[in-house]
Amino acid sequence: MFNLILFGPPGSGKGTQSDKLVAKYGLVHLSTGNLLREEIATKTPLGLQAMRFMDKGQLVPDEVVIGMVDSHFDKHKDAKGFLFDGFPRTVAQAKALDKLLELKKTEISKVLLLDVDEEELIKRLILRGKTSGRSDDADENILRSRQDVYKRETLPVAAYYAKAKKVIHIDGIGEIDEIFERLCSHIDKKMK
Ligand code: ADP
């Protein structure tokens, strides 16, 4: 299996680039944000619980997210690999993911980290909020607190994978296709 993590702050373009990457490399896209929004849309108990955190820009509790990822894994037993997007977002989630992958006798190959400065992120998210219909994109205070949560709880995940020399920084500023090419050139090197 070939497993990648697309990493970066809210608004860095993970969702956009993930769609292109899974189409090109035939990986299964695992976006915890999308999975949680599906749970909310279908009003499951998990979704109703998660919504209370998401609307405030806080993280959904680890055990909820990890359980959801585990059952998504079970649905894709024959996957040739996964692209993780928006997960893991805490060190506890990263450790849980490592264990799940170990059971499958595989591991994370690379963590691709999209670098975008905070003012550009806020600009993009305000723009997205005008059309996305996402309640967590509508309010600038919530956008800012999501950036704070990222720095406080999610950036340590990058340090965790950096210890294993798995992190590659990618410049996340530019045209969508340009950034996609940057990502592909690193992936192609790794897949050879
Ligand atoms: P973005 O990266 O643009 O903030 P996502 O769609 O990845 O968007 O996530 C939206 C929200 O869903 C997060 O702010 C958080 O509340 C929740 N969420 C998504 N993934 C996770 C996760 N792995 N752990 C905890 N909460 C998560």
Side-chain angles (χ1 to χ4, degrees), residues 3-19 21-22 28-73 82-101 108 111-158 160-161 170 172 176 179:
N3 303 296
L4 290 171
I5 297 175
L6 190 58
F7 198 88
S12 56
K14 299 186 298 287
T16 307
Q17 297 295 340
S18 291
D19 290 342
L21 290 169
V22 295
V28 173
H29 186 194
L30 200 158
S31 157
T32 45
N34 289 350
L35 290 176
L36 289 167
R37 281 185 289 276
E38 277 163 32
E39 299 277 345
I40 291 174
T42 50
K43 298 195 171 63
T44 65
L46 191 157
L48 296 174
Q49 191 192 356
M51 187 169 73
R52 300 205 307 268
F53 296 93
M54 292 169 74
D55 278 351
K56 286 186 263 181
Q58 294 168 0
L59 294 184
V60 174
D62 286 334
E63 59 277 14
V64 175
V65 174
I66 293 164
M68 197 177 67
V69 169
D70 199 11
S71 62
H72 196 73
F73 261 176
F82 286 90
L83 177 70
F84 298 98
D85 156 14
F87 176 85
R89 241 177 169 94
T90 62
V91 172
Q93 290 180 16
K95 289 183 176 162
L97 176 61
D98 280 353
K99 280 209 190 107
L100 285 174
L101 293 175
I108 292 297
V111 178
L112 302 167
L113 198 165
L114 289 169
D115 282 321
V116 179
D117 62 87
E118 187 161 336
E119 283 319 300
E120 168 74 16
L121 293 169
I122 301 282
K123 249 195 281 171
R124 288 184 188 179
L125 289 169
I126 288 174
L127 198 69
R128 184 170 88 183
K130 295 192 172 130
T131 54
S132 69
R134 273 178 56 169
S135 47
D136 59 345
D137 282 347
D139 176 322
E140 190 168 336
N141 289 323
I142 294 179
L143 296 182
R144 297 218 179 251
S145 75
R146 277 160 61 204
Q147 301 297 334
D148 292 340
V149 168
Y150 173 78
K151 282 184 261 183
R152 195 172 60 238
E153 302 192 51
T154 305
L155 259 187
V157 175
Y160 173 82
Y161 287 110
I170 310 276
I176 289 172
I179 299 165

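Order of appearance sets the numbers: ligands from 1, and atoms from 1 within every ligand.
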Checklist entry - If hydrogens are left out, which of Arg128, Arg146, Arg52, Gln93 has an atom nearest to atom 23 (N) of ligand 1, that is, the closest non-hydrogen atom? => result Gln93
Next on the checklist: Minimum distance, heavy atoms only, to atom 12 (O) of ligand 1: which one of Arg89, Lys56, Met54 is it?
Outcome noted: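 Closest candidate by heavy-atom distance is Met54.
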Between [X] and ligand 1, which part of the residue brings a heavy atom under 4.0 Å of the ligand: side chain, backbone, both or neither?
| X | answer |
| --- | --- |
| Leu36 | side chain |
| Asp85 | neither |
| Arg134 | side chain |

Item to check | Backbone or side-chain N or O of Val60 under 3.5 Å from ligand 1 N or O | outcome: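 It does: an N or O of Val60 is found under 3.5 Å from an N or O of ligand 1.
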Next on the checklist: Is there a polar contact, in the sense of an N or O pair closer than 3.5 Å, between Lys14 and ligand 1?
Outcome noted: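 There is such a contact, yes.
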Item to check | Residues forming a side chain to side chain contact (heavy atoms under 4.5 Å, CB included) with Glu38, sequence neighbours excluded | outcome: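 Glu38 satisfies side chain to side chain contact (heavy atoms under 4.5 Å, CB included) with Leu35 only.
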Atoms of ligand 1 less than 4.0 Å from [X] heavy atoms?
| X | result |
| --- | --- |
| Phe87 | 23 (N) |
| Gly86 | 20 (N), 21 (C), 22 (C), 23 (N) |
| Gln58 | 15 (C), 16 (O) |

Checklist entry - How long is the span from the CD1 atom in Ile108 to the CG atom in Asp98, to the nearest 0.5 Å? => result 7.0 Å
Next on the checklist: Distance check, rounded to the nearest 0.5 Å: Arg124 atom CZ versus Glu120 atom CD?
Outcome noted: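 Arg124 CZ to Glu120 CD: 4.5 Å, rounded to 0.5 Å.
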Item to check | Distance-only side-chain donor-acceptor flag, Thr90 / Glu153, under 3.5 Å | outcome: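 Side chains of Thr90 and Glu153: no pair found under 3.5 Å.
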Checklist entry - Phe84 vs Phe87 aromatic rings, parallel, tilted or perpendicular, using cut-offs 30° and 60°? => result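 The rings of Phe84 and Phe87 sit tilted, inter-plane angle from 30° to 60°.
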Checklist entry - In terms of ring plane angle, is the pair Tyr150 and Phe7 parallel, tilted or perpendicular, where the classes change at 30° and 60°? => result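 Because their plane-to-plane angle lies in the 30° to 60° range, the rings of Tyr150 and Phe7 count as tilted.
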Checklist entry - Does any non-hydrogen side-chain atom of Gln147 lie less than 4.5 Å from one of Leu125? => result yes
Checklist entry - Nearest protein heavy-atom contact for atom 20 (N) of ligand 1: which residue, which atom, what distance? => result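 Looking only at protein heavy atoms, the one closest to atom 20 (N) of ligand 1 is Thr32 OG1, 2.7 Å.
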Report, one line per pair, each donor and acceptor closer than 3.5 Å where one atom sits in a side chain of residues 132-143; sequence neighbours left out.
from	atom 1	to	atom 2	distance (Å)
Ser132	OG	Arg128	O	3.2
Ser132	OG	Arg134	N	3.1
Ser132	OG	Asp137	OD2	3.2
Arg134	NE	Asp136	OD1	3.0
Arg134	NH2	Asp136	OD2	3.0
Ser135	OG	Asp55	OD1	2.6
Asp137	OD1	Arg128	NH2	3.3
Asp137	OD1	Arg146	NH1	3.0
Asp137	OD1	Arg146	NH2	3.4
Asp137	OD2	Arg128	NE	2.7
Asp137	OD2	Arg128	NH2	3.4
Asp139	OD1	Asn141	N	2.7
Asp139	OD1	Ile142	N	3.4
Glu140	OE2	Arg144	NE	3.4
Glu140	OE2	Arg144	NH2	3.0

